[in-house]
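Beneath this line is the structure, given in structure tokens, with notes to follow.
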Amino acid sequence: MNTDIRVRFAPSPTGFLHIGGARTALYNWAFAQRHQGVFVLRIEDTDKERSLPEHTAQIIQSLRWLGLTWDEGPEAGGASGPYLQSERTTLYQDALERLKDSGRVYPCFCSPDELNSKREAAQAKKSYTGYDRSCRALLETEAQVRIQSGMPHTWRIKLPLERESIEFDDEVFGRIAIPMTQLDDFIVMRTDGTPTYNFVVCVDDITMQISHVIRGDDHLSNTPKQIMVYEALDAPLPVFAHLSMILGSDGKRLSKRHGATSVESYEEEGFLSDALFNYLALLGWSMDGTTTLMNRKDITAHFTLDRISKNPAVFDPEKLAWMNQVYLKEMGASAFVDAWTPYLLADKLLTQAEVAQKRRWLEGIYPLVAERINTLSEINAKSAYLFGGAVINRDDSSVEKCLKNKDSLAVLDTAISLLAEVNTPWSAPAIESILRTIPQQLEQKPKFVFQVVRVAVSGSMVSLPLFESMELLGKELCIQRMQHAQTLCPESEACS
RNA sequence: GGCCCGUUCGUCUAGCGGUUUAGGACACCGCCCUCUCAAGGCGGAGGUCACGGGUUCGAAUCCCGUACGGGCUGCCA
């Protein structure tokens with residue numbers, strides 16, 4: 001393991017794992033894998049109001065499901081813990097003390113109201129809205145007196161005013177330069193003694209020795225501020241790589257109104273971890289412009305920061321669906337049945353014991369259904385008729401079109417009598433060769449004959465392949481269903 | 001308002017000054033296959049590379065503007 005390469009994913013447990021967060025985690029993970037580095041999971045739970053332990057559990061579950069395992073973090077441990085920000089307060093205190101000792105921060109006694117009115121005034125004049133640094137001019141003795149007297153105060157970082165600009169090289173965006181005039185002496189410690197985000201994130205990344213900060217580009221503009229913290233703490237700068245955001249189909253930030261946004265919901269809808277992984281990897285990164293199907297190994301073998309796109313990417317559910325089918329068709333019968341089982345149980349199609357007992361039979365459904373679905377959640381609807389008894393629900397319009405025909409009864413009569421005589425193994429090819437004799441026998445079109453049998457046996461004009469379905473149903477059930485279907489047919493001309 | 005960033009088929013992208021009549025994938029259309037639906041095979045349509053100026057023998061590729069979109073500008077993260 002290359003311990004010089006250390007990356008992290010730092011979600012706030014204020015909700016489930018978002019698709020965008022998952023991609024950020026994935027890129028960090030892939031980068032760590034590529035360089036045999038260390039992937040750290042850190043939970044940014046400083047927002048007491050919105051942070052919930054169950055959200056942390058949910059995020060952890062989603063990361064695991066996607067196969068994004070971490071080397072250090074909750075449940076994994078590690079030498080640079082704790083990995084919950086709420087348990088790291090002494091680290092932030094220590095860092096602040098160091099900044100006080102080195103004179104890189106100063107106390108600010110301006111009240112929020114004061115600050116607000118200053119800001120509003122500046123806004124009205126359309127001039128610089130940052131802090132005017134009035135408390136920076138305070139004599140240290142005066143500041144001490146005020147602190148001693150218990151006057152509420154924050155601590156602000158003392159920016160190096162002599163600098164013209166702060167510049168850094170982003171691995172994705174290239175060189176970024178921000179004029180010093182755009183930066184202010186931002187607060188690092190609040191009146192209540194809690195540290196602010198731009199301070200904590202730096203202390204954490206420094207103490208965790210993060211070498212590459214790979215995160216959303218909403219932090220691009222925050223980076224210069226954070227560089228100031230690194231410098232004040234005399235810490236070496238990490239490499240920065242910012243990821244543009246993921247958008248919905250309308251070009252706006254991906255949100256609830258675009259449909260599912262949580263990794264959890266994609267799992268529930270029956271997307272495969274491998275497929276979501278592949279899709280997310282390609283949402284903003286490409287290996288060569290032509291390869292679209294890549295497994296985890298392919299991705300980690302080729303993943304480089306310089307091939308990450310600067311453009312925001314629109315999340316395309318249709319392409320994900322297509323990709324999921326590709327993976328469904330490749331996963332194999334056994335894995336398929338395993339993945340399907342929770343859905344079988346949920347819809348009470350089978351019990352756990354029946355699943356085990358009928359495993360081979362269930363595996364037989366795989367090749368029929370895999371190329372007809374996009375997600376696991378669609379399997380039950382497509383295959384429900386394979387689970388019923390002699391009497392099944394039939395789709396009204398299918399009955400109308402196929403069974404109410406004057407020739408339907410004759411078709412079923414013939415089919416039943418021919419199939420009843422089968423004493424070779426009940427197989428799809430055998431069934432097919434028998435049924436194929438009916439059209440010429442009755443002088444009907446093959447399509448008509450097969451559709452009548454299909455509706456009789458499956459209940460619908462649209463079903464999985466007919467002969468294979470009949471094989472799976474077994475001889476008895478097929479005949480019983482056809483007999484029941486006959487009760488829905490009008491009397492044939494021959495009989496009337 | 002200020003600053004920062006982005007802009008190649010509907011979508012994801014390839015492209016890093018000449019090999020480009022801009023390539024691939026999803027979606028779309030047509031044909032073939034066919035017991036339905038799919039899947040698969042073959043083919044097609046779709047981009048004045050946001051726009052306008054430069055630089056250059058030559059620009060999607062470099063530079064400058066404009067437009068549009070996004071981010072930051074909090075004692076939120």
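Residue numbers start from 1 in every chain, and the chains themselves are labelled A, B, ... in the order their sequence lines are given, proteins ahead of strands. Since we're looking at a predicted model, the values are computed, not measured.
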Q: Can you check each nucleotide of nucleotides 61-77 of chain B against protein heavy atoms at under 4.0 Å and return B for base, S for sugar-phosphate only, - for none, in 5' to 3' order?
A: ---------SBSSSBSB
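Partner assigned to B/rG6 is B/rC68, using Watson-Crick or G-U wobble distances below 3.5 angstrom. Pairing for B/rU55 is absent, with no Watson-Crick or G-U wobble pair whose two atom distances lie under 3.5 Å. With both pairing distances under 3.5 Å, B/rA45 is matched to nothing as a Watson-Crick or G-U wobble pair. Across all strands shown, B/rG1 pairs with B/rU73; the Watson-Crick or G-U wobble distances both stay below 3.5 Å.
Distance A/Asn311 CG to B/rU8 C1': 9 Å, rounded to the nearest Å. Atom-to-atom, CG of A/Asn374 to C1' of B/rA27 comes out at 12 Å; the value is rounded to the nearest Å. Atom CE in A/Met180 sits roughly 15 Å away from atom P in B/rC4 (whole-Å rounding). Computed from coordinates, the A/Met470 CE to B/rU36 P distance equals 16 Å when rounded to whole Å. One can place CD of A/Gln451 at 7 Å from C1' of B/rC35, the figure rounded to the nearest angstrom. Atom CH2 of A/Trp322 and atom P of B/rA39 are 12 Å apart (whole Å). With rounding to whole Å, A/Met323 atom CE is found 12 Å from B/rU13 atom P. Atom CD in A/Glu171 sits about 20 Å away from atom P in B/rC16, given to the nearest Å.
Taking the C1' atoms as reference points, B/rC49 lies 22 Å from B/rG44, given to the whole Å. B/rC42 and B/rA60 have their C1' atoms separated by 31 Å, with the value rounded to a whole Å. The P atoms of B/rA67 and B/rC29 are separated by 40 Å, rounded to the nearest whole Å. Going from the C1' atom of B/rC33 to that of B/rG23 covers 29 Å, rounded to whole Å. Taking atom C1' in both B/rU61 and B/rC16, the straight-line distance is 6 Å, to the nearest Å. If you take atom C1' in B/rA77 and the same atom in B/rU19, they sit 49 Å apart, rounded to whole Å. With C1' as the reference atom, B/rC9 and B/rA50 are 14 Å apart, rounded to whole Å. Atom C1' of B/rC62 sits at a distance of 15 Å from the matching atom of B/rG18, rounded to the whole Å.
In this structure, A/Lys445 does not reach the B/rC35 phosphate: none of its side-chain N or O atoms is under 4.0 Å from OP1 or OP2. A sub-4.0 Å separation between OP1 or OP2 of B/rU36 and a side-chain N or O of A/Lys447 is present. OP1 or OP2 of B/rG15 lies within a sub-4.0 Å distance of a side-chain N or O belonging to A/Arg307.
Within a 6.0 Å radius of NZ in A/Lys297, no more than 12 heavy atoms belonging to other residues, nucleotides or ligands are found.
Annotation: proximity of residues 276-285 of chain A to RNA chain B (heavy atom, distance under 4.0 Å) is found for A/Leu282, A/Leu283, A/Gly284, numbered in ascending order.
Counting atom types as modelled, A/Lys319 pairs no side-chain N or O with a base atom of B/rA27 as donor and acceptor under 3.5 Å.
At a threshold of 4.0 angstrom between heavy atoms, the contacts of A/Pro465 include nucleobase atoms, whether or not backbone atoms are also involved. Residue-level contact check: A/Phe186 touches neither bases nor backbone, having no heavy atom under 4.0 Å from any strand. Note on A/Gln325: only backbone sugar-phosphate atoms sit closer than 4.0 angstrom, heavy atoms only; bases stay farther off. Within 4.0 Å (heavy atoms only), A/Leu466 reaches at least one base atom of the nucleic acid. At a threshold of 4.0 angstrom between heavy atoms, the contacts of A/Ala177 are confined to the sugar-phosphate backbone, with no base atom among them. Using a 4.0 Å heavy-atom cutoff across all strands shown, A/Lys382 reaches no nucleic acid atom at all.
The aromatic ring centroids of A/His258 and A/Phe315 lie 6.0 Å or more from each other. The aromatic ring centres of A/Tyr327 and A/Phe271 sit 6.0 Å or more apart.
Checking A/Ser460 against A/Arg454 by side-chain atom types alone, no donor-acceptor pair falls below 3.5 Å.
Nearest-nucleotide positions on RNA chain B place A/Arg23 closer to the 5' end than the other of A/Arg454 and A/Arg23. Of the two residues near RNA chain B, A/Phe450 and A/Ala313, the one whose nearest nucleotide lies more 5' is A/Ala313.
Contact check for A/Leu328 versus A/Leu376: side-chain heavy atoms found under the 4.5 Å cut-off. Looking only at side-chain heavy atoms (C-beta outward), A/Met461 and A/Lys401 come within less than 4.5 Å of each other. A/Arg42 has its side chain within reach of A/Met208: a pair of non-hydrogen atoms, C-beta onward, lies under 4.5 Å apart.
The aromatic rings of A/Phe31 and A/Phe303 sit perpendicular to each other, their planes meeting at more than 60°, with 30° as the lower class boundary. A/Phe240 and A/Phe168 have perpendicular rings, their planes meeting at more than 60° on a 0 to 90° scale where under 30° would count as parallel.
In the set B/rA14, B/rC37, B/rG24, B/rC37 carries the atom at the smallest distance from any side-chain atom of A/Val462.
The two residues A/Thr304 and A/Asp306 have their closest heavy-atom pair at OG1-OD1, 2.7 Å.
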Q.
Under the criterion ring-ring contact (aromatic ring centres under 6.0 Å, His included), I'd like the reasoning laid out for A/Tyr27 against A/His212: C-alpha separation, chi angles, the key distance, then a yes or no.
A. CA-CA 11 Å; A/Tyr27 284 12; A/His212 297 251; over 10 Å; no
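With A/Asn198 contributing its side chain and A/Gln226 its backbone, the two residues share no donor-acceptor pair below 3.5 Å.
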